[in-house]
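Okay, structure first, notes after.
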Amino acid sequence: MNSGMETTIAGVTWKNPVTTASGTFGSGREYGELIDLNRLGAITVKGVSEEAWKGNPVPRLAETQSGLLNSIGLQNAGAKHFIENDIPFLRQYDTKIIVNICGHTLSQYCAVAERFAGCDIDMLELNISCPNVEEGGLSFGTDPHVVERVVKAVRHYVKQPLIVKLSPEVTDITEVARAAVSGGADALSLINTLRGMKIDIHKRRPILASKIGGYSGPGIMPVALRMVYEVCHSVDVPVIGMGGISTFEDALQFIMAGAQAVAVGTANFHNPYATVEIIDGIRKYMKENRISSLEEIRGCID
Amino acid sequence: MNSGMETTIAGVTWKNPVTTASGTFGSGREYGELIDLNRLGAITVKGVSEEAWKGNPVPRLAETQSGLLNSIGLQNAGAKHFIENDIPFLRQYDTKIIVNICGHTLSQYCAVAERFAGCDIDMLELNISCPNVEEGGLSFGTDPHVVERVVKAVRHYVKQPLIVKLSPEVTDITEVARAAVSGGADALSLINTLRGMKIDIHKRRPILASKIGGYSGPGIMPVALRMVYEVCHSVDVPVIGMGGISTFEDALQFIMAGAQAVAVGTANFHNPYATVEIIDGIRKYMKENRISSLEEIRGCID
Amino acid sequence: MSTYCTAAVINHEEIIPGVWKIELSAPEIAKTARPGQFIQLYPPDERNLLARPLSLSSISKESVTVVYRVVGQGTKQFSCLQVDDMVRVMGPLGNGFTLPDAGTQNVIVGGGLGIPPLLELAKRFHENTVVLLGYRDDPFMAEDFQRLGLEVHIASQSGNYGFHGTVLDLLENLTLPAGMIFACGPRQMLQSVSMWAKGHNVPIQVSLEERMACGLGACLGCGVKIQKPGEQDWRYLRVCKDGPVFSGEEVVWNE
Amino acid sequence: MSTYCTAAVINHEEIIPGVWKIELSAPEIAKTARPGQFIQLYPPDERNLLARPLSLSSISKESVTVVYRVVGQGTKQFSCLQVDDMVRVMGPLGNGFTLPDAGTQNVIVGGGLGIPPLLELAKRFHENTVVLLGYRDDPFMAEDFQRLGLEVHIASQSGNYGFHGTVLDLLENLTLPAGMIFACGPRQMLQSVSMWAKGHNVPIQVSLEERMACGLGACLGCGVKIQKPGEQDWRYLRVCKDGPVFSGEEVVWNE
Ligand SMILES: Cc1cc2nc3c(=O)[nH]c(=O)nc-3n(C[C@H](O)[C@H](O)[C@H](O)COP(=O)(O)OP(=O)(O)OC[C@H]3O[C@@H](n4cnc5c(N)ncnc54)[C@H](O)[C@@H]3O)c2cc1C
Ligand SMILES: Cc1cc2nc3c(=O)[nH]c(=O)nc-3n(C[C@H](O)[C@H](O)[C@H](O)COP(=O)(O)OP(=O)(O)OC[C@H]3O[C@@H](n4cnc5c(N)ncnc54)[C@H](O)[C@@H]3O)c2cc1C
Ligand SMILES: Cc1cc2nc3c(=O)[nH]c(=O)nc-3n(C[C@H](O)[C@H](O)[C@H](O)COP(=O)(O)O)c2cc1C
Ligand SMILES: Cc1cc2nc3c(=O)[nH]c(=O)nc-3n(C[C@H](O)[C@H](O)[C@H](O)COP(=O)(O)O)c2cc1C
Ligand code: FES
Ligand code: FES
């Protein structure tokens, strides 16, 4: 039965346009205790690097008004561990698997991309926009020339459709988006976190051990929506929109701005049912408004 | 009597470190009905251009979660009207006057700066960062080379201490800050609004007639604080911090990050007493923590 | 002079489905309030930063009453307020209606949620006043006007009640020449009534709406295109400070 | 298996100034909860996105009870909850304490707000158990432990009550050899008790705290440095999922 919610991105068809934002949902195992993972269009997992990364010192989290700062620093057990433990787990479910990859250097990016080339996963998301690692990450994601070069180099090793995840910390997001596409991105995802800070005025020090962290949640949504709108009008590849999405109304705003799909991140912390409630909400909206396919409203904002 | 709150910026001493963010407080007349304007360290007025500007179409306002989008488009009655009506009004009060100026072209900026050269005002704030006008504004504020050139050109006509107001919509705020200082800024203020969007999913169109507007309020504070912290560690001129400040705790975070003073904007809409409550709150904090001068805590975050 | 304060809810009832009447204890506001002015009511959920503008429907010595329709997040929250709950409010705001010279033949024209803001005005008139009320469907608050002893005509678009049609039809059917029209309602209605008034050379005061942030005249968020007689071009005036009541002839309607 | 639900407040009282005991009706959570586990309680003000982790102090058939100190925005809001109010909660979370073999000489060591989380554990012990409670100043909940018939020793840093000193002093004065230590309290205290346990070759379980987002093990926000026997280096484990109870010897304390 066709629900009208099927969404095809770079040749991969999701049953609905909702995935999880990398790093907020682990590999699904933990949230699987509370929600039915089969409901999700796709699961985007926590960033995986070639070798295990220890991550940043704690405290790594700070709550802000309607937002969250994190400085996890891409702690992960490395690609080998992931492939042995998480892919078999995820394949039990009827959902697409998107693996988010990261590296400190270009060769690390290439190595991890290559390692996943032979793996049973559906899409690869290249994180060149993480603000929480010293080398690589953000520095790779802000200069359009570097972006194009990095994407092109990594692309060479990638066998699955390649999503490139963009940083919002740039003067002109459309320039970076075009660079990623000309480097070979099959799809784009945005936005990663903005960098933010919070200070404990009683202890007179930043809450985060790393002082500065990535800012996510409802507080970044207006910026995210604007950037998704701009990028959708600048490139021809599909866009996965994210940044503060917490309700189906939020998700629909991104879809109307032109997003092919959406990812839910920080909202999971506020409401572990957020993803499934968003899917149900979109379905209800479609029914009430007699929309038989999301195509009817996607990108309706010109 | 010395309250420990006196703050000197580019040779001008305010009785306390709290001013209003340009465009949120008019020229003080309206809020003067509700609060005692003598309480404020300084009043920063709505942007003034050489000629009258009509502003953008309505709707110009959209509420977001913990934030606000505006696309006023610098509507103002022009410098002549301002000088005749607002300076005499403001001079009745024991507070500093900061005039925020804007233009569509470099020569308009210079013209309005020159016009204020002979006026009885305390400081001039150069807005090269407004996202809501087509020409000038933001485009002048994002490229470090352009910033330096614009500041240098305008500086030539300015007789009062010059504050340059920076846009957050750049890859590296410290680069722009250094450019403004080398162009001749005596002080910097930041941040102006981020650009954001909101869509009415029932009407299927953006809430703002201009589609995209400037995002302000508590939702931008983590970004603003981080940028103020970064800029304070990159330049030697004083910084006026703003972006989402709503409570004295917020204001103190900016001061601990290194700000010489703070400006209160969107918070006035949520609570017309915000400015005076912040001043009272800082005083109370200082008393409770036996701080005799703000110097003791300013920039304590290294 | 306006005040910002915390007011207690004195009365609160749903008068028709989705439309509520709330009375707030606010002596400072009531003291100086005039018909046609409004208040800014702050939603209790602090994620909603902005206050909601609501027109005064009636003014007593110690309290003010507004009538509102639940349309979004803020008004939804208001509808959950209980008697004795406290709510932040600022007012009175705006210019209000200019009262006509005695003896003027007043025509009050209200449509939908534009009707309650005309009640306090109607209270100030004891004679020479016709009240035309237009509803989409079922009427509300008509009896409040009738109780004042004024001549009340009702129209409904559904035909369920009163005249089957709009207030414009009621205007056309007026038997007496109008001296001054006071109108509040949907923009579309205000525009057609203003056109009618222009055609019949009747002065008209209309109460307008626009999204607001400060409500005080400081932020220039609430622009309305106004062209005053003798001016070469329109300019944006502020609904909150220069209005919400404007001369219908001066409004530039075509947007 | 943990549940996310909305729970009604059954009891709520301030047991000493600034410290509250709240009982929530949550049969699903109570059913599987074990001593040492915690819940995530969501602040009613939605500007606070994150839930607050609070350790279970006691577990009954249909309800769970936590004891918390008001320290910031979230706990402030909790303290305003009234009986019958509803609050969002997730739990039970974490590993909880590992119960020792029968016959082990248990030593329960609690400091300040680390005391309530040990009560449910103490309830599971009927003999061979010494309870050492340390307070800065006035004691609270000591009688809950005494009522269980266990041997309870109290110390206060102010000397106002019980032994003038810390729980470490009480440990030094133990007459029986400890078989297993269960400790909860400030990090500093847990560190020194762990050092003592190491020196005396006594196994120790400590309950740790760290800032949390998901509470489920998914976000890796709540790292604690752990070095397991035989491992060459420490790595970050998750307080919420791998803990909050860890073996005191395995925690890398020096930060
Ligand atoms: C001067 C004035 C007087 C008014 N008097 C009344 C009245 O007496 N009764 C009544 O029911 N309504 C009145 N309105 C409209 C009322 O302000 C809106 O219905 C209300 O603000 C909607 O708030 P919300 O949070 O429920 O809707 P949301 O859509 O969630 O609000 C989002 C934002 O848009 C603004 N907004 C949405 N619709 C309007 C609107 N029509 N006008 C202005 N701002 C809007 C809100 O204030 C808020 O800032 C008046 C408006 C103005 C300007
Ligand atoms: C597993 C675990 C069990 C706990 N059990 C108890 C208990 O039984 N009783 C009790 O009083 N306290 C307990 N705490 C500490 C309690 O979680 C914090 O005091 C509480 O989160 C503070 O919230 P707040 O909003 O009042 O403070 P704020 O400072 O306003 O909180 C801001 C953010 O920091 C987090 N935070 C602040 N302090 C702590 C802390 N010490 N630990 C973890 N997060 C913190 C908050 O959760 C929130 O995300 C426990 C913590 C953990 C990790
Ligand atoms: C705790 C946390 C961890 C994250 N880790 C990653 C990551 O590993 N890789 C990545 O590309 N993005 C990571 N992100 C960014 C999110 O995927 C997402 O882009 C961002 O949070 C904005 O979405 P949100 O507001 O819905 O959370 C992380 C975000 C959070 C809050
Ligand atoms: C309604 C509105 C109008 C503004 N107008 C101006 C302006 O004229 N000139 C300017 O430099 N900044 C203007 N700003 C930006 C503010 O001065 C300030 O930099 C920004 O809002 C961030 O501070 P806040 O979050 O405290 O509002 C305006 C902001 C708002 C909300
Ligand atoms: S709402 Fe600010 S000027 Fe009218
Ligand atoms: S709080 Fe998310 S892993 Fe522990």
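Predicted, not measured: the structure shown is a model, and the values here were computed from it. Lettering follows sequence order; numbering is per chain, from 1.
Looking at C:I39 and C:L24, their side chains come closer than 4.5 Å, going by heavy atoms from C-beta outward.
In this structure, B:R115 contributes its side chain and B:A79 its backbone to no donor-acceptor pair below 3.5 Å.
Contact check on C:E210 versus C:K241 returns no salt bridge, with no Lys/Arg side-chain nitrogen under 4.0 Å from an Asp/Glu carboxylate oxygen.
Using a 3.5 Å distance cut-off with no hydrogens or angles, the side chains of B:S189 and B:E125 do pair a donor with an acceptor. C:E120 and C:S58 share no donor-acceptor pair across their side chains, judged by distance under 3.5 Å alone. Residues C:D45 and C:Q73 have side chains that never bring a donor and an acceptor to within less than 3.5 angstrom of each other.
For the set B:I207, B:N76, B:N268, the entry with the most heavy-atom pairs within less than 4.5 Å of chain C is B:I207. Comparing B:Q75, B:K46, B:E63 by heavy-atom pairs within less than 4.5 Å of chain C, the highest count is held by B:E63. Between chain B and the options C:R88, C:M90, C:M212, heavy-atom pairs under 4.5 Å are most frequent for C:R88. Per-residue counts of heavy-atom pairs under 4.5 Å with chain C were compared for B:L68, B:L34, B:T24; the largest is that of B:L34. Note: B:G67 leads B:G219, B:G217, B:G67 in heavy-atom pairs under 4.5 Å with chain C.
Annotation: cation-pi pair B:K54/C:W234 present, NZ/CZ under 6.0 Å from the ring centroid and within 45° of its normal.
Remark: aromatic rings of B:F269 and B:F25 are distant, center separation not under 6.0 Å.
For C:Y4, the parts lying near chain B are the backbone and the side chain together; criterion is any non-hydrogen pair under 4.5 Å.
In this structure, CG in C:L216 is found 5.5 Å from OG in C:S2, a value given to the nearest 0.5 Å.
Contact residues of residues 244-254 of chain B toward chain C are absent (heavy-atom distance under 4.5 Å).
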